[in-house]
Amino acid sequence: NWSLTGSLDGTPISDTVFVFSPSVAPSTGTIVAEVGTIQDATGTVTVTPGALDYLLIRDGPNNSGNVVTTFTMSAGDSETFYAAGYDSEDNFRQDEPTAGWSSTFGLGGSGSSFLFTPTTPDTGTVTVSIDLIEYTTGDIYVIGGILAKLIIRDGDNGGGSDLTGA
């Protein structure tokens with residue numbers, strides 16, 4: 001039987017074969033083999049992240065949630081996006097703290113996450129970038145929010161008198 005300690009990840013192929021191919025970096029731990037009452041373990045294995053190769057925008061932190069592609073939301077609602085960085089072996093590195101955020105909605109920011117709160121209906125995209133590495137979502141459709149109240153006026157564009165209580 002095979003087992004892992006620490007934050008290492010992997011799955012044994014059979015009772016006698018374990019191919020270690022980590023998908024999360026950084027991580028550390030040991031690989032343990034056990035047959036009956038006999039047990040042995042490797043020394044500490046440390047997996048370090050490779051250089052940043054590509055970015056994805058996710059809707060959950062630390063490689064959780066989904067990759068953000070195309071979706072619809074209401075004006076005034078918020079979504080938090082995360083700048084998930086990966087190395088050339090597809091290992092998750094971290095939510096990248098030096099990321100820059102921009103959008104066709106005129107909203108932007110910097111850091112490993114971005115609170116996206118569009119205020120008017122529109123269609124556009126969000127882009128995360130570090131140097132020349134970037135990822136852009138599919139179309140984000142922002143629809144009108146739920147009507148909070150209706151005021152009837154006797155003038156156009158918010159002018160005139162309020163007739164709601166008349």
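Predicted, not measured: the structure shown is a model, and the values here were computed from it. Below, each value reflects all heavy atoms present in this structure, side chains not excepted, and no hydrogens, waters or symmetry copies. One-based numbering along the sequence shown.
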For Tyr86, which residues count as a side-chain hydrogen bond (donor to acceptor under 3.5 Å, both in side chains) partner, sequence neighbours excluded?
->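 With neighbours one apart ignored, the set is Arg58, Asn63.
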Got a donor-acceptor contact below 3.5 angstrom from the [X] side chain to the [Y] backbone?
{"X": "Asp87", "Y": "Glu89", "value": "yes"}
{"X": "Thr104", "Y": "Thr125", "value": "yes"}
{"X": "Thr164", "Y": "Ile152", "value": "yes"}
{"X": "Ser103", "Y": "Leu107", "value": "yes"}
{"X": "Asp59", "Y": "Gly65", "value": "no"}
{"X": "Ser14", "Y": "Val17", "value": "yes"}
{"X": "Arg153", "Y": "Gly158", "value": "yes"}

For [X], does the [atom1] atom sit with more than 12 other heavy atoms under 6.0 Å from it, leaving out its own atoms?
{"X": "Asp131", "atom1": "CG", "answer": "no"}
{"X": "Gln39", "atom1": "CD", "answer": "yes"}
{"X": "Asn1", "atom1": "CG", "answer": "no"}

Can you find a pair of side-chain heavy atoms, one from [X] and one from [Y], that are under 4.5 Å apart?
{"X": "Thr119", "Y": "Phe105", "result": "no"}
{"X": "Phe81", "Y": "Val68", "result": "yes"}
{"X": "Leu52", "Y": "Ile130", "result": "yes"}
{"X": "Met73", "Y": "Pro118", "result": "yes"}

May I have the step-by-step check of side-chain contact (heavy atoms from CB on, under 4.5 Å) for Val32 and Trp2, ending in yes or no?
-> CA-CA 6 Å; Val32 180; Trp2 297 96; over 6 Å; no
If you group Ile, Leu, Val, Met, Phe, Trp and Tyr by side-chain heavy-atom gaps below 4.5 Å, do [X] and [Y] land in one group?
{"X": "Phe92", "Y": "Val45", "answer": "no"}
{"X": "Ile57", "Y": "Tyr141", "answer": "no"}
{"X": "Leu55", "Y": "Leu115", "answer": "no"}
{"X": "Val126", "Y": "Tyr54", "answer": "yes"}
{"X": "Tyr135", "Y": "Phe71", "answer": "yes"}

Full working for side chain to side chain donor-acceptor pair (under 3.5 Å) between Ser27 and Ser7 = CA-CA 5 Å; Ser27 60; Ser7 55; 4.6 Å; no
Verify side-chain contact (heavy atoms from CB on, under 4.5 Å) between Leu4 and Ile31, making sure each step is shown before the conclusion.
-> CA-CA 5 Å; Leu4 299 169; Ile31 301 171; 3.6 Å; yes
Side chains of [X] and [Y]: is there a donor and an acceptor less than 3.5 Å apart?
{"X": "Thr30", "Y": "Thr5", "value": "yes"}
{"X": "Thr117", "Y": "Ser78", "value": "yes"}
{"X": "Asp122", "Y": "Thr120", "value": "no"}

Interatomic spacing from CG in Leu8 to OG in Ser3 - rounded to 0.5 Å |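 The distance works out to 10.5 Å.
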If you round to the nearest 0.5 Å, how far is OG1 of Thr72 from CG of Asp139?
->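 Nearest 0.5 Å value for the CG-OG1 distance: 9.5 Å.
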Stepwise, does the side-chain contact (heavy atoms from CB on, under 4.5 Å) test hold for Glu134 with Leu132?
-> CA-CA 6 Å; Glu134 69 177 35; Leu132 298 176; over 6 Å; no
How close do Ala83 and Val128 get, heavy atom to heavy atom, and via which atoms?
->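 Heavy-atom minimum between the residues: CB-CG2, 3.6 Å.
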Between Phe114 and Tyr82, does the ring centroid distance fall short of 6.0 Å?
->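 Centroid distance Phe114-Tyr82: not below 6.0 Å, so no.
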